[in-house]
Structure formats: C-alpha cells, structure tokens
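Worksheet: the structure to be examined is printed underneath.
Chain A is the first sequence line, chain B the second, and so forth, proteins listed ahead of strands; every chain is numbered from 1. Atoms considered below: every heavy atom in the structure, side chains included; atoms not considered: hydrogens, waters and symmetry mates.
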Number of protein chains: 2
Amino acid sequence: MCPEQAPIPKRESGDERRIAIARAARALIIEKGLEGLRTRDIAERVGINIATLHYHVPSKEALVALVAASLRDDFKAQALRHPKEGLDAGAQLRQEFNEFREIVAEMPELIGVLSELVDLSRRDPTIAEIILPMQAYWTGQFTKIFRTGIEDGSFRPNIDPAAAAIVVTAALSDCWRPHRRPSLEPVIAELERAFFLPVSNQG
Amino acid sequence: MCPEQAPIPKRESGDERRIAIARAARALIIEKGLEGLRTRDIAERVGINIATLHYHVPSKEALVALVAASLRDDFKAQALRHPKEGLDAGAQLRQEFNEFREIVAEMPELIGVLSELVDLSRRDPTIAEIILPMQAYWTGQFTKIFRTGIEDGSFRPNIDPAAAAIVVTAALSDCWRPHRRPSLEPVIAELERAFFLPVSNQG
DNA sequence: CGCTATCAATCAATCATTTGATTGAGAAAA
DNA sequence: TTTTCTCAATCAAATGATTGATTGATAGCG
C-alpha cells in the first residue's frame, strides 16, 4: 500500500512451485511411504492450498511422476559433479563409492524414494519410463568401469561386468536403509576386495 | 436337509480365514503395492464380506502385521526344508542360492512383499519387530557360511562375513524384480566368483 | 435323540472421515 | 486490462470401520 515500497515479487513461478511440491512430496514419501502420501499433506508442507497444488500439478498421478523426474534430475546433476575422465578404473570405482556417500549425506531421501518408485514401476508404466532408465544408467556406469578395469588389469579378470554392476548397486542401495547404514563402509570395503585384483591392488 | 448328506463343515475356522486373508493381501500387495491395498479388495478376493474381514482381523494395521507374520512363517518353513548339516561351506552357499531359486519359483511374491514391508519397517515399529529379525536371520545364515568357508579354506580369506552377507542378500533381492529376473543366474555366478577362493574352487 | 442355549461367524446397511479433485470468486502480476 | 495464480468452500466417491440382525455350529440337558 505504501507507494515507496519496492515492488517485490511475492509469488513463486510455476516451475519453482513444482520444485517445491516435488521436494515436499519426497520428504513425505520418506516419512509416510507412498501409501501414506496425501495431496493435502503435500500442499500443507509447501504452504499452499490444495487447489493451488492442483493448479500446478493436475493429479496425484502426475505428482508422483513429477517426483520421479525430480529424482532423475538430481541424480543426473550429482553424476555430472565429478567427471571421471582421466581416472583409471580403480579410481573411477572409488569415485562412484564417494558419490554414493555424498548422496547419502546430502540427499538421504533420494535412494529411499527411488526404492519405493522402483517398486511402483512394476505397476505403473509412466513411472517405469522415468525410473528404469535412470537405474539402468547408474548400473551402466559400474558396468563400464568393470569392463575398463578388466582390460587395464585393475580388476579380477573373470568378472561379468553387468552382473557385478547389479551386485554393487544393490548392495549400496541396501545400505541406504537406516538399520543398514552402519554397514555402508564395511560393505564398500568388501566390494572392493571382491572386485579388485589382489596382485595389482592399489589400495 | 437330506438326512443322508454327510455333515460337511461349511465355515472355515478363524485360523483358516486369517491364512486366506494374509494370502489374498500378499497377492494384492504385489498387484497394487501397499498404497493400493484396500480392505474391501482383500475381502472380495477371499470371498467374504468386509465386516467378516474385520471380525477376523481388527484393523488394517493388524492386517499388515498378519501379512508380515505370514511371510516370516513361510520363510522359516522354507529355511527348514533343506537342512545344511554335513555340507561344507561351498555347498551350503550353493544351497542357499538354490533355496532362493525355489522361493522365486514357488513364492514369487514373497521377496516383493518383503521389500515393501522392509520399507515400511522404517516407519512402523510393529512391522519392524517382525520383519527385521527375519531379514537378520537370512543375512545371518550367509554370515555363518562365510565364516565357515574362510576357516575351511573354501572362500577368499579376507572376506568380512557380515558385509559379504549383506552384499549377497541385497543382490538376490534385487534380482527378484521382474526387470532384473533375467540377471539372477549371472549374478549368482558372479557372487560365487567373488567369494570362492580360486585355488580351491570346487566349481 | 431332539431341542435349546450359547457362541462364533457372517452379512447388508450404514457411519464418519478422508481423499483426490473441482468451482467460482478474488488477488497478484505483467 | 488480461492473465496467472490463490483460496475457501464444496463435491463425489472411496475408505476403514461399525452396527444390529441373522445364520451356522456345537455343547449340554432332558
């Protein structure tokens, strides 16, 4: 009302709203699971009215897809944070483990929400379309590393790269769970022992 | 009405009902997830009225606990099916893999429901109380096998038994997922290569 | 043996609340 | 002014659960 007051924009843009909505939904999925996810709770967490939520995201289904896309985007951004060019296979593997540690530290809910959405992807093709390629990408990174490591002599030569990649991603994901969190470091160490070639072990 | 008709019991006992209810709920959890689990759907699947379901199981919460207990009991029964006495560590490990194959073949939904309940156990102490000991038991079996195998020279001597057990159970659970099912055998083979000592490899 | 009382189990109808979503008016921003 | 965004109120259906009447099964008694 005061004419001297600077015109400060008060409203978030549509994109900002959707980011906030996805954030709130992710937090709530961790707290209550998919089965306890309620659109009203999300709206309240963001600080908007339920109708506003529907204005920005047309349905609950679309909201879950937004969450999936948000996970994918964060995961991608994380993956691009630490380029791997110039690193040998052993160092690359260790960098992947460090990245996982960072995810656990900075985005603790990411793996947990991912786990719920991976389950959901069995039943929902729309979610599968977003989540499975992302999971495949993560697994594929390890597959590449193992392939390289076999060639350069860092890793046990009889490794099946694709199978080993599944072993690693599954083990890491499992250690995201709170009751398994204390096991993360021993499991990472065990994975290294399992795959590095003892003769050329650089640890 | 017919006096010659044998007196055939028409009603199932309470225990039988609860078993049927747990079965139906398990199937529906796989089809629709925990988030899509509805008491009316369960009642319909069993062939009883919703009030009858509540007669036998007082609340939805109690129903999920019943499912958890049902999983635990089936898992136990499966574990007792193949005694491991007299087997060396390598054979024991292979037997565990065979048991997992049997579970996948005979009770395909068991691991999937377990996965959803493990997630839920983070949020629900009642479920945690049933599920986590069972999961710990499964992991513990592998821990014991690894310990034995290190001592008898079957396995790589620098294995951390507890960590290796987590790696194995996580990898097996991951391969339960339909899009990962084709990877089960290569992953099992990779696990064997990772843990068996090459020198005394009996494969 | 037949009848009765009792208890367990079942059901249709209903309840109270929740849930995803919509409507129409008004506010904010461009 | 027009467009975008927000809100309170509301809708229609779903949801977990309850109620009261009825049915089925069985034990006990004459």
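Look at B:Arg122 and B:Asp119 and you find no salt bridge, because none of the NZ, NE, NH1 or NH2 atoms lies under 4.0 Å from a carboxylate O. Comment: B:Arg81 engages B:Glu106 in a salt bridge, judged by a side-chain N to carboxylate O separation of less than 4.0 angstrom.
Not one N or O on the side chain of A:Ser115 forms a donor-acceptor pair closer than 3.5 Å with the backbone of A:Ile111.
Between the CG atom of A:Leu37 and the P atom of C:dA21 there is a distance of 11 Å, rounded to whole Å. Rounded to an integer number of Å, the gap from A:Lys60 NZ to C:dA21 P is 8 Å. Between B:Leu53 atom CG and D:dG16 atom P there is a gap of 10 Å when expressed in whole angstrom units. D:dC5 atom C1' lies 11 Å from atom CD1 of A:Ile48, rounded to whole Å. At whole-Å resolution of the value, CZ in A:Arg40 and C1' in D:dC11 are 11 Å apart. Taking atom CD of residue B:Glu44 and atom C1' of nucleotide D:dG16, one finds them 16 Å apart after rounding to whole Å.
The side chain of A:His54 contributes no N or O atom lying less than 4.0 Å from OP1 or OP2 of D:dC7. Residue B:Arg17 places at least one side-chain N or O under 4.0 Å from the OP1 or OP2 atom of C:dT10. A sub-4.0 Å separation between OP1 or OP2 of D:dT6 and a side-chain N or O of A:Asn49 is absent. Between B:Tyr55 and C:dA9 there is a side-chain N or O to OP1 or OP2 distance below 4.0 Å.
No N or O donor and acceptor, one from the side chain of A:Arg38 and one from the base of C:dG20, sit under 3.5 Å apart.
Distance from the side chain of A:Ile50 is smallest for C:dT22 among the nucleotides D:dT19, C:dT22, C:dT14. When each of D:dT6, C:dT14, D:dA8 is scored by its nearest atom to the side-chain atoms of A:His56, the top-ranked nucleotide is D:dT6. Listed nucleotides D:dC7, C:dT10, D:dT19 differ in distance to B:Thr52; the shortest reach to its side chain belongs to C:dT10.
For the pair B:Gly47 and A:Glu61, nearest-nucleotide mapping onto DNA chain C gives the more 5' position to B:Gly47.
Exactly one of A:Leu34, A:Val67, A:Ile30 qualifies for a side chain to side chain contact (heavy atoms under 4.5 Å, CB included) with A:Glu116. That residue is A:Leu34. Of the options A:Thr52, A:Thr39, A:Leu63, a side chain to side chain contact (heavy atoms under 4.5 Å, CB included) to A:Val57 is made by A:Leu63 and by none of the others.
Residue pairs meeting the salt bridge (charged side-chain N to carboxylate O under 4.0 Å, His left out) criterion with at least one member in residues 55-76 of chain A, sequence neighbours excluded, are A:Arg26-A:Asp74.
A heavy-atom distance below 4.0 Å to DNA chain C is reached by none of the residues of residues 20-35 of chain B.
At the heavy-atom level, A:Ile42 lies nowhere under 4.0 Å from the strands shown.
For the residue pair A:Gln78 and A:Glu99, no side-chain donor N or O sits within less than 3.5 Å of a side-chain acceptor on the partner.
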